[in-house]
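In this text the structure is predicted, and so the values were computed from the model without any measurement. Atoms within each ligand, like the ligands themselves, are counted from 1 in listed order.
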Amino acid sequence: MDNVSFNGEITGSERAKKRRRSNEHSAKEGEKAINIQVVVRCRARIEREVAANSPIVVQATPREIKVWANPQDMMPYKTFTFDKVFGADADQSRIFDTIVVPILHEVKAGYNCTLFAYGQTSTGKTFTMEGKLDLHNGSISPDAGVIPRSLYYIFDTLEAEQADFSVKISYIELYNEELKDLLSSDSDNRHLKILDDANRKCVLHGHEEVLIKSAEDGINVLKQGSIKRQVAQTNYNKNSSRSHSVFCITLHIKETMPDGEDLLKVGKINLVDLAGSENISRTGAENLRAKEAGKINKSLLTLGRCINSLNEHNQHIPYRESKLTRLLQDSLGGHTKTCIIATISPAKLSYEETISTLDYAQRAKNILNKPVANQRVTKKALIKEYIGEIERLRADLLAAREKNGIYLSQDTYQNLVDENQSRKDENEELKKLNESLKEQAERFERENSIINRKLMRQTSINTHHQKVFQEFQQMMLSVTSQLEYKFNEIKSVHLGFGELIYNKMKEFMERRETEVSAIIKCIEERIDRSIQQKDQIIQIFDNQERISINLSAELLKFREETQNLMDQKGQELRNSASATFNMFQHELSNQFEKIRSYQVKLGEDLSCLMKTTQEHIASQNHAITSFRSFTRETSNSQIDCMIEQKHLLAQLAEEDVLLRKSMEEEILANVLETLKKYGDAHSAKIKNVINTVQDTIQKNVDSVKSFSEACTNAADGMNTANTSYLTNFNNKYGASKEKLLAIENENRLARVDTIEDNIYTQLGECKNALESKIISLDTFASATVKETSELQKQHAQSFNSFATDVTQGYSEFQSQFIRTRVDSQNMTKNAFDLNQANVNATSGLYINFANQIQRSREEINSLSEKFNDSDTKIRTPTTKRTHFLNITNLP
Ligand SMILES: Nc1ncnc2c1ncn2[C@@H]1O[C@H](COP(=O)(O)OP(=O)(O)OP(=O)(O)O)[C@@H](O)[C@H]1O
């Protein structure tokens, strides 16, 4: 067992003092401050974090580490810069090669070095420092950490250099602020002590240092020690280490000087695996664990405070407040080369701890150390030291064996005296410290009473401020309620305006819809009426046809009757002539011949008359048929025209509905603009439609007129034909009468009175029968003509009334549309007026509102001035300004 400080100094002997002196000397000579090296290692997400769906919020680049509060954020919450940053892709060998190998070079060169692993639990401190200790395929595992790799490196390189060297290891645990030697077989650790040497440096006494011959030896020793390490199960890591551990490798390398003298170079590395730095509450630690955590936190807290104090270049660094900082004193601001590996998790789950770890590491970066190489010792001096030590121990042993008192060698005595002196000095120092603390306490008391007075004044000021603030608050509340009221007013005006416009539009559309459907209904009625009129016309023409047929039948009957009459009268005449023939055979034979020839002539004339009459009737029939087909065609074209008009109107109604819908949407978007457009578009559309309808009506009127004219012409033609026929008939009748009179005269000349009387009577009868027939035919013909012309008149009248109806309907339609247009213009104007009124109302409200705010501002300013008067000593201008800004920023 040896007394070794964490600077690697062998203590308890003169040589230690000598070396310390020489160290101090060399430190002063070659002191060059360098910053502690700080690197960050960020592992990949572990199973637990993946299972919790905790996203990655950390990004590592070679020198920087960026942390996001939320993965969706564009910018990172914070960016930290370090000496090196390792991401999840950095394996154990890369960490070792980049960070640890250069440090081991320094160790081999005779420096003391320290490597810390600091971070939240489960972030990979133990993984980094120890990793996997078991061999993998007969050689070191890829997951092996810094400690096993360092052991292999030291032995491999020194053996390769064929150096004369020895390696010793020690393994200490700090748990609950109690030290434990993990390599000692003795479970009693009371002899383990951290003492100050003459230079007030902390030195660990009583721990085991094991000499190892190979790296495997070292790993086995490490494994044994690790088993002893206190572990406790926490929520985070079931093997989570709740203790701090220090694994120390000390190298002694022999160097031969050019003069042949052998020197011994001593280098040392402390590999420190700190306990988790997380919050106690988050570990779920309770009772004993909480106590543990409290202690752990005390050590880490002190470590943090030491780092802060060093960072701020304070005079007093609180190393002595925890065992951890006492042990590591020289590594923080001392003569040791130090490197900190901060381990973090990339998961959002550990966001806060990650920020805290990185802040901690950031501060540690500024700590300056002044590394000094350990003084080399000559072999002779070392052997002499050892021989002296052995002599001292032997003397002590002898005295103990003889039990004649306690024998102390000179050196031991001197050491004890030195130690005693050191304690006395320490006591003196403590007394002085006590006095200075008393002074400080008195000063604090004085300051305390001053502060109390200030506090009382502050309290009264605060009360006043509170009052002012209450007033201010009241005022703000009233201003806010007024603002709210005004805003509600504005909102209701806007809403009312919108509602009004909507209602107006709705009303307008409904009215238009009613009007359009009324127009369509009116047109449909007119069309129905037209169809009825067409039916009536067809009926009239049917009547006409029937009359014509009757006329033909009458004429045929008349012809038959006439023929019968002629036959009968001829027979009678023949009978009478043959009766009187015998009597007047000779005188009357010529007369009879003449009469017969006249009879034949009359028969021919009558046949001719019948033929002419038949032809006339046929031509009448033909005219009536063509007139009928013409009427039908015209009616059909009228009907087609109506149907077309109906379709046109239906299409117009559809288009209007579509237009209305699209207009509605547009109107809602921009009421005034759309209304104007709508009015124009509608007017143009209506104008077009009216023009089309007017053209159609004009065409209808023209066609009806031409139809009427054609009817009149046809009737006139028929009249003329009838008149000419009658004239012709009368002429022919007159001629026949004259011929009969001539026959009568000739007969008179023949002075045959009886025959003359008989013939005259018979001819008179015949004439009367013929005259009566002709009169009845004349009456029938004129009645027919009258009826036909009447019918034509009716037809013309019905067409005229139909045309008037249609014209009237369209003019109504036109006036409806004009009314609609005027309505829409009025609507637009109303909307414009409403908007104007709304704008006026809103601007009035806004002016009110602005005045309110102006008044509020003035009040606030006056309050603020009051507030300033009473608050000048406490509030900074920034605070006041902030308040003012807050007020002005109110909505
Ligand atoms: N860089 C890494 N690559 C792969 N796995 C890792 C890495 N770092 C840590 N791990 C794994 O994460 C888990 C926790 O690591 P470790 O025990 O080293 O954390 P710790 O910081 O030492 O925790 P504690 O403070 O509780 O001791 C282990 O399963 C370890 O294998």
Side-chain angles (χ1 to χ4, degrees), residues 39-52 54 56 58 60 65 84-100 115-134 136 141-149 171 173-176 182 222-223 225-247 271-285 289-290 292-293 295-297 299-300 303 324 340-347 349-350 353-354 356-358 360-361:
V39 300
V40 176
R41 185 178 196 189
C42 177
R43 60 161 167 75
R45 281 187 304 165
I46 54 175
E47 261 175 43
R48 179 175 51 82
E49 292 162 341
V50 174
S54 182
I56 292 176
V58 174
I65 194 128
K84 278 192 179 65
V85 172
F86 298 94
D89 58 328
D91 60 8
Q92 298 283 57
S93 68
R94 195 165 132 211
I95 302 281
F96 180 76
D97 293 342
T98 323
I99 306 296
V100 190
L115 182 68
F116 287 102
Y118 176 88
Q120 183 194 359
T121 189
S122 296
T123 50
K125 296 182 297 292
T126 310
F127 182 79
T128 301
M129 298 310 277
E130 285 183 19
K132 203 168 176 195
L133 300 177
D134 295 328
H136 176 77
S141 163
D143 282 343
V146 169
I147 298 174
R149 281 174 194 274
Y171 197 11
E173 181 189 51
L174 182 60
Y175 176 69
N176 270 350
L182 295 172
L222 172 67
K223 277 184 187 170
S226 290
I227 295 165
K228 286 190 178 178
R229 245 189 112 176
Q230 285 287 340
V231 290
Q233 205 170 337
T234 72
N235 292 346
Y236 278 89
N237 181 0
K238 63 181 174 177
N239 291 314
S240 177
S241 167
R242 309 303 308 155
S243 63
H244 314 284
S245 73
V246 184
F247 186 86
L271 298 165
V272 185
D273 180 3
L274 293 171
S277 60
E278 62 283 344
N279 218 322
I280 311 168
S281 60
R282 291 187 70 198
T283 63
R289 271 326 138 60
E292 279 178 17
K295 290 276 169 62
I296 290 158
N297 268 2
S299 287
L300 287 175
L303 183 65
L324 180 73
I340 295 179
I341 300 180
T343 55
I344 57 168
S345 151
L349 215 61
S350 305
E353 292 301 339
T354 301
S356 133
T357 303
L358 293 173
Y360 200 95

### Query
Between Thr123 and ligand 1, does any nitrogen or oxygen pair lie at a separation below 3.5 Å?
yes
#### Entry: Thr343, Val272, Leu271 screened by side chain to side chain contact (heavy atoms under 4.5 Å, CB included) with Met129, the one that passes
Leu271
### Query
If you count the atoms of ligand 1 from 1 in the order shown, which ones are under 4.0 Å from a heavy atom of Lys125?
18 (O), 19 (O), 20 (P), 21 (O), 22 (O), 23 (O), 24 (P), 25 (O)
### Sub-4.0 Å atoms of ligand 1 with respect to non-hydrogen atoms of Arg41
1 (N)
### Message
So does Asp143 get a backbone contact from the side chain of Gln92, meaning a donor-acceptor N/O pair under 3.5 Å?
### Response
yes
### Query
Can you find a pair of side-chain heavy atoms, one from Ser345 and one from Arg45, that are under 4.5 Å apart?
no
### Query
Is a donor on one side and an acceptor on the other found under 3.5 Å between the side chain of Glu353 and the backbone of Gly119?
no
#### Entry: Contact (N/O only, under 3.5 Å) between Ile46 and ligand 1
no
### Task
Could you tell me whether a side-chain N or O of Arg41 sits under 3.5 Å from a main-chain N or O of Ala117, the two making a donor and an acceptor?
no
### Min N/O separation Asp273 to ligand 1 under 3.5 Å
no
### Summary
One finds that the ligand 1 atoms under 4.0 Å from a non-hydrogen atom of Gly276 are 25 (O)
### Query
N/O to N/O below 3.5 Å, does that happen between Thr343 and ligand 1?
no
### Query
Are Val39 and Thr98 close enough that some pair of their side-chain heavy atoms sits under 4.5 Å apart?
no
### Message
So for ligand 1, is Gly124 a polar contact partner (N or O within less than 3.5 Å, distance only)?
### Response
yes
### Query
Under the ring-ring contact (aromatic ring centres under 6.0 Å, His included) test, which residues partner Phe86, sequence neighbours left out?
none
### Query
Which of the atoms in ligand 1, numbered in the order shown and given with their element, are less than 4.0 Å from a heavy-atom of Ser122?
14 (C), 19 (O), 20 (P), 21 (O), 23 (O), 24 (P), 26 (O)
### Message
As an exercise, identify every atom of ligand 1 less than 4.0 angstrom from a heavy atom of Arg43.
### Response
1 (N), 2 (C), 7 (C), 8 (N), 9 (C)
### Message
For a 4.5 angstrom cut-off between non-hydrogen side-chain atoms, does Asp91 reach Pro142?
### Response
no
### Query
Should the proximity of Gln120 to ligand 1, defined as any heavy atom under 4.0 Å, be assigned to the side chain, the backbone, both, or neither?
backbone
